[in-house]
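Counting starts at 1 for both ligands and their atoms, following the listed order. From a predicted model like this one, the values you see are computed outputs, not experimental measurements.
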Amino acid sequence: MNPQVVMSGIRPTGSGAAHLGHWEGALKSWVKLQETAQCYYSIVDWHALTTEYQDVSNIEANVRQALLDLLAVGIDPEKSVVYLQSAIKEISELFLLLGMMTPLGWLERVPTFKEQQAQLSDRDINTFGFLGYPLLQTVDIVIMKADTVPVGEDQVFHLELAREIVRRFNGLYGDCFPEPQPFLTPIPKLPGVDGRKMSKSYGNAIFLSDAAAVIDEKIRPMVTDTRRKKRSDPGVPEDCPVFALHKAYSKADEIAAMAEGCRTAGIGCLDCKKILIANINGFLEPFRQRRGKYEHISVRDILEPGNLRATQRAKQTVAQVRELMKI
Ligand code: TRP
Ligand code: SF4
């Protein structure tokens with residue numbers, strides 16, 4: 001499959017700053033795809049409302065943060081259409097129209113619906129808006145007539161639902177939407193600094209916006225292979241989260257040297273960590289530089305041209321849908 005029209009979204013939520021896991025799982029593909037396909041990248045602030053409607057005080061700052069993350073990793077608003085979901089009113093219209101033909105049962109059986117409700121038990125998200133989350137996501141995608149959606153593994157079910165809704169629409173009213181396929185990047189298993197899977201909710205993530213000193217503070221105290229109690233105890237690199245990060249961010253000869261030094265107790269864990277710190281900082285440096293360049297630019301100015309281009313495309317789709325639905 002050759003991606004022609006690509007769409008994906010980033011949620012501007014409280015703890016939503018992008019971390020290395022997001023980069024490996026999705027953002028890396030976002031950047032690559034902009035060279036070969038027409039890409040639509042949206043900051044999905046309506047989606048943020050589905051879980052944060054009780055406290056909206058941070059949404060604006062989070063939109064800014066999400067935009068800076070995108071620009072920092074190399075999303076180029078000249079190549080890709082970068083826009084704010086809520087600026088495209090046609091999305092709300094198509095959400096209403098597709099809502100008419102989306103069976104309630106399809107939404108209720110989305111695993112994230114019950115999971116998130118259980119996980120976010122501090123707030124009441126037993127709402128119409130939250131139930132509609134995957135439909136709103138479907139609309140984001142189909143309104144741009146996207147064929148390809150670069151996302152992490154966790155979104156595969158949402159994409160399946162999107163295809164079901166597309167098939168139902170095309171069957172009921174006539175061919176309109178392509179069936180969107182997920183574009184998955186096989187990712188190295190990235191542990192967080194506590195050894196569990198890297199996740200913002202575990203508080204163990206390395207953020208793309210972390211300053212060099214922060215990287216140092218996070219990696220120095222990392223747990224290592226428990227066999228290495230003393231400097232002279234040999235270890236098993238495969239059992240160490242520091243080594244897993246080396247495998248993702250260090251050069252082949254360094255990885256081999258760390259493995260050897262660990263097994264033979266030739267190096268200490270702190271030496272091993274210092275090399276990792278330097279490599280992760282080297283990896284993040286271009287992101288930091290780009291972020292610095294954009295830091296003082298107004299969010300509005302950057303998003304305005306993308307909002308216009310996204311609106312144009314959305315208007316065309318909605319006009320076609322209205323015709324097919326006889327509205
Ligand atoms: N649900 C996605 C996430 O949590 C965000 C999202 C919203 C999205 N709309 C989208 C992703 C459209 C891809 C396409 O990450
Ligand atoms: Fe982990 Fe490196 Fe220590 Fe081995 S030497 S246990 S790989 S930190």
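- The heavy atom nearest to atom 6 (S) of ligand 2, out of those in Ile255, Asp225, Ile267, is found in Asp225.
- A ring-centre distance under 6.0 Å is not found for Trp46 and Phe95.
- Among all non-hydrogen protein atoms, the one lying nearest atom 4 (Fe) of ligand 2 is Cys262 SG, 2.2 Å.
- Residue Glu238 qualifies as enclosed at atom CD: its count of foreign heavy atoms under 6.0 Å is above 12.
- From the protein, the heavy atom lying nearest to atom 8 (C) of ligand 1 is Gln137 NE2, 3.5 Å.
- Close approach to His47 involves these atoms of ligand 1, each under 4.0 Å from a residue heavy atom: 7 (C), 9 (N).
- The proximity of Ile141 to ligand 1, defined as any non-hydrogen pair under 4.0 Å, is limited to the side chain.
- The environment of CG in Leu172 is crowded: more than 12 heavy-atom neighbours from other residues, nucleotides or ligands sit within 6.0 Å.
- If you number the atoms of ligand 1 from 1 as listed, the ones under 4.0 Å from a heavy atom of Met7 come out as 12 (C), 14 (C).
- Within 6.0 Å of atom CD in Glu160, more than 12 heavy atoms from other residues, nucleotides or ligands are found, so the atom counts as buried in its surroundings.
- In this structure a side-chain-to-backbone donor-acceptor pair under 3.5 Å is present from Asp233 to Lys230.
- Nearest-residue assignment for atom 1 (N) of ligand 1 (options Trp46, Tyr133, Tyr40, Tyr41; heavy-atom criterion): Tyr133.
- With respect to atom 5 (S) of ligand 2, the closest heavy atom belonging to the protein is Arg228 NH1, 3.1 Å.
- Close approach of ligand 1 to Val44 is summarised as follows: ligand atoms under 4.0 Å from at least one heavy atom of the residue are 7 (C), 9 (N).
- Between Glu285 and Arg288 there is a salt bridge, since at least one side-chain N of the basic residue sits less than 4.0 Å from a carboxylate O of the acidic one.
- Close approach to Phe243 involves these atoms of ligand 2, each under 4.0 Å from a residue heavy atom: 7 (S).
- In this pair, His158 and Tyr133 present their aromatic rings tilted. The plane angle is within the 30 to 60° band.
- Taking atom 3 (C) of ligand 1 as the reference point, the nearest protein heavy-atom neighbour is Gln155 NE2, 3.4 Å.
- Interface of Val149 with ligand 1, defined as ligand atoms under 4.0 Å from a residue heavy atom, comprises 13 (C), 14 (C).
- Residue-level proximity to ligand 1 for Gln85 is absent, since no heavy atom of it falls below 4.0 angstrom.
- Within a 6.0 Å sphere centred on CD of Glu295, other residues, nucleotides and ligands contribute more than 12 heavy atoms.
- Nearest to atom 9 (N) of ligand 1 among the protein's heavy atoms is Asp140 OD2, 2.8 Å.
- Below 30°, between 30° and 60°, or above 60°: for Phe287 and Phe283 the angle between ring planes is above 60°, a perpendicular geometry.
- Under a 4.0 Å N-O distance rule, the pair Asp55/Arg123 does not qualify as a salt bridge.
- Summarising the contacts of atom 2 (Fe) of ligand 2 with Pro241, Cys272, Cys269, the nearest heavy atom is found in Cys272.
- Shown in contact with Val151 at under 4.0 Å from a heavy atom are these atoms of ligand 1, numbered in order with element: 11 (C), 13 (C).
- Between Asp69 and Arg291 there is a salt bridge, since at least one side-chain N of the basic residue sits less than 4.0 Å from a carboxylate O of the acidic one.
- Because the distance cut-off is set at 2.8 Å, Cys240 fails to qualify as a neighbour of atom 4 (Fe) of ligand 2, as none of its N, O or S atoms comes that close.
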